[in-house]
Amino acid sequence: MATETGLAGRISEELIRRKVEGQRQLLPSLPGGAEAEPMLQEVLERLGETKSLKDLRVLEAVAARAYWGAWQPLEVRFAKADAKRRPAHWRSFGTRVSPLTTSPRRAVNPANAILNYLYALLEAEARIAALAVGADPMLGLMHGDARNRDSLVFDLMEPVRPAVDAFLLDLLGTQEFTKDTFFEGLDGGCRLLPPLTTELATTTKQWARLVLPIAQQVAATLLEADRPDKAPQALMTKDGRRSAERPVGGRGVSTRPRRGQRTVGREFSKGDVPDRTRQRGPE
């Protein structure tokens, strides 16, 4: 019922606001950040004026276009002996859209392949977080229901994506890659190889700590929205403090396991709320 009552739009607006604010904080570290800043600022100002989920998706797309444009010239460094042997499009971040899919999937250069891998790790943790609070991962709020897609998972990922981006930005700024780090398929797709994949896989706990409070806030808002005396207090707050202070429950959905039942995830605590003033180590 959240879409019909407008609650889905209010939750989605807050999730996207956090995402765009996180993206804007990264702009000073990006080659084209100065050019993208006015557009992201305008999107943030217009978010409060959105009348529908359709309008919200349009604003998100506008922000994404400016944001990823700021990433394009970012250098990807290779060891001196290998740099000249790598394709030219491997040595910068480039476009976020793959020519193989006209979407970010199946990236054709290292930077975007790494980002896709990290987003896949975040997606897994967001799915676990949704299940931990008793939510159906397939029933999205902003992302429409689609076959073979857990739409709510992608909703929950949105505010955490800039933290993943920040991780990638730090990685590209501090690491030189070699010819043995990536593999180019016959179709031009770029694949990651160990030990880089192993190193990236260790970041899952980091994404779990960030996405769990988001899932709890969304679940608490949905569960309590039909209670007039509770609903105003249940709406998500920017720091997430209220929802992290007590477990989600009510109306037959509880995070407390039955006798003999294994728990999913872990109990939420105030310590799970991330320090939003420092999300770096990273869409």
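As a basis for the values below, the full set of heavy atoms in this structure was taken, side chains included, without hydrogen atoms, waters or symmetry mates. No experiment lies behind these values; they were computed from the predicted model shown.
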Please determine whether a side-chain nitrogen of the Lys or Arg among Arg209 and Glu125 lies less than 4.0 Å from a carboxylate oxygen of the Asp or Glu. no
Could you check whether Arg17 pairs with Glu13 (Lys NZ or Arg NE/NH1/NH2 to Asp/Glu carboxylate O, under 4.0 Å)?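 Judged by the 4.0 Å cut-off on N to carboxylate O distance, Arg17 and Glu13 do form a salt bridge.
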More than 12 non-hydrogen atoms from neighbouring residues, nucleotides or ligands closer than 6.0 Å to CZ on Arg191, yes or no?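 Open.
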Surrounding CZ of Arg91 (heavy atoms of other residues, nucleotides or ligands, distance under 6.0 Å), is the total greater than 12?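 Counting neighbours around CZ of Arg91, more than 12 heavy atoms of other residues, nucleotides or ligands fall under 6.0 Å, so yes.
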Taking [Y]'s backbone N and O only, do any of them form a donor-acceptor pair with [X]'s side chain (distance below 3.5 Å, no angle check)?
{"X": "Ser52", "Y": "Asp55", "result": "yes"}
{"X": "Ser12", "Y": "Ala8", "result": "yes"}
{"X": "Thr95", "Y": "Val97", "result": "yes"}
{"X": "Arg86", "Y": "Phe78", "result": "no"}
{"X": "Glu42", "Y": "Pro38", "result": "no"}
{"X": "His89", "Y": "Val108", "result": "yes"}

Taking the six-membered ring for Trp and the single ring otherwise, decide whether the centroids of Phe177 and Trp90 are under 6.0 Å apart. no
Ignoring hydrogens, what is the shortest heavy-atom contact between [X] and [Y]? Give both atom names and the distance.
{"X": "Asp155", "Y": "Pro159", "answer": "O-CD, 3.8 Å"}
{"X": "Leu121", "Y": "Thr204", "answer": "CD2-CG2, 3.9 Å"}
{"X": "Tyr117", "Y": "Thr197", "answer": "OH-O, 3.5 Å"}
{"X": "Asn109", "Y": "Ser92", "answer": "ND2-O, 3.7 Å"}
{"X": "Cys190", "Y": "Ala113", "answer": "O-CB, 3.7 Å"}
{"X": "Thr101", "Y": "Arg106", "answer": "CG2-CD, 3.6 Å"}

Could you please spell out the steps behind the side-chain contact (heavy atoms from CB on, under 4.5 Å) verdict for Leu56 and Ile16? CA-CA 8 Å; Leu56 182 62; Ile16 295 304; 4.2 Å; yes
Sub-4.5 Å side-chain heavy-atom contact between [X] and [Y]:
{"X": "Phe182", "Y": "Ile114", "result": "yes"}
{"X": "Arg18", "Y": "Ile214", "result": "yes"}
{"X": "Leu192", "Y": "Thr181", "result": "no"}
{"X": "Leu200", "Y": "Leu171", "result": "yes"}

Pairwise distance [atom1]([X]) to [atom2]([Y]) - rounded to 0.5 angstrom:
{"X": "Gln217", "Y": "Leu222", "atom1": "CD", "atom2": "CG", "answer": "12.0 Å"}
{"X": "Gln23", "Y": "Glu37", "atom1": "CD", "atom2": "CD", "answer": "12.0 Å"}
{"X": "Leu122", "Y": "Leu210", "atom1": "CG", "atom2": "CG", "answer": "8.5 Å"}
{"X": "Met142", "Y": "Leu152", "atom1": "CE", "atom2": "CG", "answer": "11.0 Å"}
{"X": "Glu60", "Y": "Thr50", "atom1": "CD", "atom2": "OG1", "answer": "12.0 Å"}
{"X": "Asp180", "Y": "Leu196", "atom1": "CG", "atom2": "CG", "answer": "12.0 Å"}

Kindly indicate, with the supporting measurements, whether the criterion side-chain contact (heavy atoms from CB on, under 4.5 Å) is fulfilled by Thr221 and Val218. CA-CA 5 Å; Thr221 302; Val218 171; 5.8 Å; no
Which of Asn112, Leu115, Asn116 passes side-chain contact (heavy atoms from CB on, under 4.5 Å) with Pro104? It is Asn116
Check against side-chain contact (heavy atoms from CB on, under 4.5 Å), Glu123 and Phe154: CA-CA 7 Å; Glu123 179 183 345; Phe154 288 93; 3.9 Å; yes
Remaining members of Leu193's ILVMFWY cluster at a side-chain heavy-atom cut-off under 4.5 Å? Phe183
Common cluster, Ile128/Leu139, ILVMFWY with side-chain heavy-atom separation under 4.5 Å: no
Given the rule in the side-chain hydrogen bond (donor to acceptor under 3.5 Å, both in side chains) test, do Gln25 and Glu21 qualify, once you have shown the distances and angles that lead to the verdict? CA-CA 6 Å; Gln25 291 175 11; Glu21 286 177 345; 5.9 Å; no
What verdict does the side-chain contact (heavy atoms from CB on, under 4.5 Å) test give for Leu141 and Leu53, after you've listed the backbone C-alpha separation in whole Å, the side-chain angles of each residue and the deciding distance to 0.1 Å? CA-CA 9 Å; Leu141 298 170; Leu53 285 172; over 6 Å; no
Parallel, tilted or perpendicular, judged at 30° and 60°: which one describes the rings of Tyr67 and Trp71? perpendicular
Determine, stepwise, if the pair Glu14 / Arg10 fulfils salt bridge (Lys or Arg N to Asp or Glu O under 4.0 Å). CA-CA 6 Å; Glu14 179 61 23; Arg10 294 161 67 189; over 6 Å; no
